[in-house]
**Q** 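Next up is a structure, given as structure tokens.
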Amino acid sequence: MNIDLTVNGKSVSVEAEPLDRLLDILRDKLGLTGTKEGCGEGECGACTVFMNNKLVNSCLVPAMHLHNSNIVTIDGMRDFDFFKLISKAYEENGAVQCGFCTPGFVMTTINLLRNSSRKSLGDEEIKEAFAGNICRCTGYDKIIKAVRQLLTMNIRVPERFYE
Amino acid sequence: MNSMQYYSPNTINEYRKIYSGIADKSILIFSGGTDLMVGRHELSQDAVIIDISGIAELKGIVKKGDKIHIGSCTTLNELLCSHKIQNDIPILIKAIKTMASEQIRNRATIGGNIGNASPAGDTITPLVVLETKIEIFSPESNEVRTIPIKTLFSGPSATTLEKGEIITKIIIPLRKDEYIFCYFRKIGQRNAMTITKASLSAIAKCSDTKIEWIKLATGSVSPVVKRMSKTEEFLKGKELTPAVINKAKEIIANEIFPITDIRSTKAFRVLITKNLLKDCLSALIKR
Ligand SMILES: Cc1cc2nc3c(=O)[nH]c(=O)nc-3n(C[C@H](O)[C@H](O)[C@H](O)COP(=O)(O)OP(=O)(O)OC[C@H]3O[C@@H](n4cnc5c(N)ncnc54)[C@H](O)[C@@H]3O)c2cc1C
């Protein structure tokens with residue numbers, strides 16, 4: 001089947017089987033390797049992307065659901081101003097160890113900043129927001145520290161990306 | 001993966017027409033895919049996929065008289081964000097909050113959770129105590145039938161749905177003023193993103209110090225989610241003394257049929273079900 005979709009603001013057309021995974025389309029067909037495969041079962045969140053402005057696991061999205069969809073991956077976030085601030089906060093707080101889970105954590109961070117601007121979140125709420133992201137180096141404290149710092153910075157994240 | 005045949009109807013009528021054309025083949029109903037994609041390599045290559053997630057009639061939450069109608073393709077996050085559900089069916093909110101993650105809840109549908117028929121399905125225990133009805137569409141007869149949710153399940157991962165039948169609506173009776181207490185708790189390996197080893201849902205009405213009625217359902221401790229009718233019957237009209245609570249724990253232990261599997265042992269499941277009941281009844285006293 002042929003699928004037309006938008007990825008990081010660009011219209012693309014790909015050939016795929018109905019149950020091919022969005023993750024493989026991104027990495028193998030479009031060369032967007034910032035998105036990682038961890039568990040391949042929706043548990044670890046390394047493959048997290050935005051689909052129609054909602055956070056999803058790209059390992060669980062079948063090609064047949066992608067018609068006319070709007071996908072934004074970690075590779076499409078780099079040029080936004082908020083990305084630089086997130087990157088800096090992660091670096092300063094030592095929130096990156098091996099880095100494999102980082103693209104997924106950053107996507108969830110973006111979602112959290114977008115939804116909770118001007119809201120004060122407790123550590124429990126921050127942890128809950130990251131229920132779908134696993135870090136095997138277990139640097140959670142540092143990641144949460146970085147996110148807590150970002151939440152105090154009043155960073156503007158748009159409601160929608162590339163629309 | 002070989003090429004699989006697939007259809008994505010936009011209406012129930014289109015679904016019926018597609019079905020008539022392929023009724024001799026094996027069919028796979030596909031909604032959010034969060035269960036199906038995990039096991040996608042085990043899916044039969046001969047099956048025809050029918051993706052129902054684009055059928056608009058299967059989406060949304062509406063109040064009709066004293067009932068809430070939920071379309072089967074409504075996602076868990078749509079339910080979580082719905083003011084109607086927050087106000088009228090708080091027990092469902094409690095349950096969905098414990099389910100999976102933001103990423104999964106954006107894709108997973110309530111119809112998929114029910115259709116998957118897992119004894120650990122976390123929307124099922126609340127729906128069972130709420131005496132929910134399930135509306136089912138049959139493409140063979142072109143008619144809908146409505147059944148109580150507890151008669152939908154015939155075993156782990158097994159339903160009484162006939163071939164081609166799809167769940168269209170989840171119909172929840174509202175009796176908000178009737179009960180004032182609801183409880184949902186699940187025990188898993190960890191607090192978040194975890195599969196239930198045992199769970200308990202309850203709604204109850206009390207007058208002064210006595211329980212007028214209580215409805216209880218357990219998850220993951222029997223082949224299907226089950227009402228605890230003996231425990232309910234025993235607690236009816238009782239004052240919650242320590243002796244009554246202890247007796248109720250013994251009764252519930254005899255109503256469940258847990259097994260030992262990769263997630264837990266039979267003995268541990270019995271123990272935590274008793275403790276969940278105690279926790280529930282203690283919360284009821286404190287209320
Ligand atoms: C990482 C992870 C965490 C999870 N955590 C939880 C959890 O905490 N609690 C929990 O209960 N579940 C959990 N799940 C399981 C799953 O997300 C839910 O069961 C979800 O609600 C399934 O919905 P879906 O739309 O994705 O179903 P699908 O995968 O599309 O379908 C599931 C099954 O239901 C059938 N089906 C779907 N829709 C219908 C319909 N309308 N009529 C008839 N049959 C239908 C399908 O044929 C299939 O057999 C988790 C899954 C993952 C991957």
Side-chain angles (χ1 to χ4, degrees), chain A residues 1-3 15-24 35 38-69 104-105 107-112 114-116 124-134 138 140, chain B residues 1-10 28-45 47-55 73 75-78 80-81 94 96-109 112 122 186 188-195:
Chain A
M1 63 192 288
N2 199 276
I3 303 150
E15 215 14 72
E17 294 303 328
L19 296 189
D20 282 356
R21 306 180 304 173
L22 171 59
L23 173 65
D24 299 321
T35 303
C39 68
E41 297 186 347
E43 302 253 358
C44 80
C47 69
T48 301
V49 301
F50 283 91
M51 175 177 177
N52 302 330
N53 291 297
K54 292 201 175 90
L55 214 58
V56 303
N57 299 109
S58 61
C59 73
L60 296 183
V61 177
M64 64 181 183
H65 280 175
L66 291 174
H67 254 307
N68 300 324
S69 65
F105 270 93
M107 295 306 264
T108 303
T109 304
I110 293 170
N111 192 47
L112 192 64
R114 181 177 69 167
N115 293 339
S116 43
E124 279 314 305
E125 285 158 301
I126 297 175
K127 284 183 198 165
E128 257 170 42
F130 286 93
N133 293 86
I134 291 176
T138 66
Y140 293 109
Chain B
M1 190 169 280
N2 294 330
S3 198
M4 283 174 89
Q5 209 182 336
Y6 109 101
Y7 296 93
S8 51
N10 290 311
L28 181 67
I29 300 298
F30 201 103
S31 185
T34 59
D35 277 312
L36 289 172
M37 286 298 281
V38 173
R40 78 195 170 114
H41 288 296
E42 278 90 64
L43 298 175
S44 155
Q45 293 294 308
V48 179
I49 303 167
I50 306 189
D51 173 20
I52 59 170
S53 67
I55 301 182
C73 289
T75 67
L76 298 181
N77 260 352
E78 283 162 355
L80 209 50
C81 297
K94 283 190 185 183
I96 295 172
K97 272 190 176 164
T98 73
M99 292 175 72
S101 62
E102 172 81 11
Q103 289 95 318
I104 301 276
R105 288 192 303 264
N106 276 330
R107 304 274 309 154
T109 65
D122 288 319
K186 80 183 204 188
Q189 194 70 22
R190 55 206 277 267
N191 281 336
M193 182 65 107
T194 189
I195 297 178

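Order of the sequence lines fixes the chain letters, A, B, ..., with proteins taken first and strands second; residue numbering starts at 1 for each chain.
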**Q** Considering only heavy atoms and a distance below 4.5 Å, find which of Thr48(A), Val49(A), Val56(A) pairs most often with chain B.
**A**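 It is Val56(A).
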
**Q** For the side chain to side chain contact (heavy atoms under 4.5 Å, CB included) test, which of His65(A), Glu41(A), Arg21(A) pairs with Met37(B)?
**A** Arg21(A)

**Q** Heavy-atom pairs under 4.5 Å with chain B are the metric here; pick the option from Leu60(A), Ile134(A), Thr108(A) that has the most.
**A** Leu60(A)

**Q** Check each atom of Cys39(A) against the heavy atoms of chain B and say whether the ones under 4.5 Å are side chain, backbone, both or neither.
**A**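 Neither part.
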
**Q** Heavy-atom distances under 4.5 Å only: say whether Ser53(B) touches chain A with side chain, backbone, both or neither.
**A**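 When you check distances to chain A, only side chain atoms of Ser53(B) fall under 4.5 Å.
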
**Q** Would you say Arg40(B)'s side chain and Leu19(A)'s backbone share a donor-acceptor pair under 3.5 angstrom?
**A**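 Here the side-chain-to-backbone pair exists.
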
**Q** Measure Glu128(A) against the heavy atoms of chain B and call it side chain, backbone, both or neither at under 4.5 Å.
**A**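 Answer is neither: Glu128(A) stays 4.5 Å or more from chain B.
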
**Q** Indicate yes or no: at least one non-hydrogen side-chain atom of Glu102(B) is less than 4.5 angstrom from one of Phe130(A).
**A**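 Answer no - side chains too far apart.
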
**Q** Please flag which part of Met107(A) lies under 4.5 Å from any non-hydrogen atom of chain B: side chain, backbone, both or neither.
**A** neither

**Q** Do any N or O atoms from the side chain of Asn106(B) and from the backbone of Leu55(A) form a donor-acceptor pair under 3.5 angstrom?
**A** yes

**Q** Select one option (side chain, backbone, both, neither) describing which atoms of Leu43(B) are under 4.5 Å from chain A's heavy atoms.
**A** side chain

**Q** For Ile49(B), which atoms come within 4.5 Å of any heavy atom of chain A: side chain, backbone, both, or neither?
**A**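 For Ile49(B), the side chain is the part near chain A, not the backbone.
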
**Q** My understanding is that only one of Asn133(A), Asn111(A), Asn57(A) makes a side-chain hydrogen bond (donor to acceptor under 3.5 Å, both in side chains) with Gln103(B); could you say which?
**A** Asn133(A)

**Q** With side chains defined as the heavy atoms from C-beta onward, is the minimum distance between Met1(A) and Tyr6(B) less than 4.5 Å?
**A**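 With C-beta onward as the side chain, the pair touches.
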
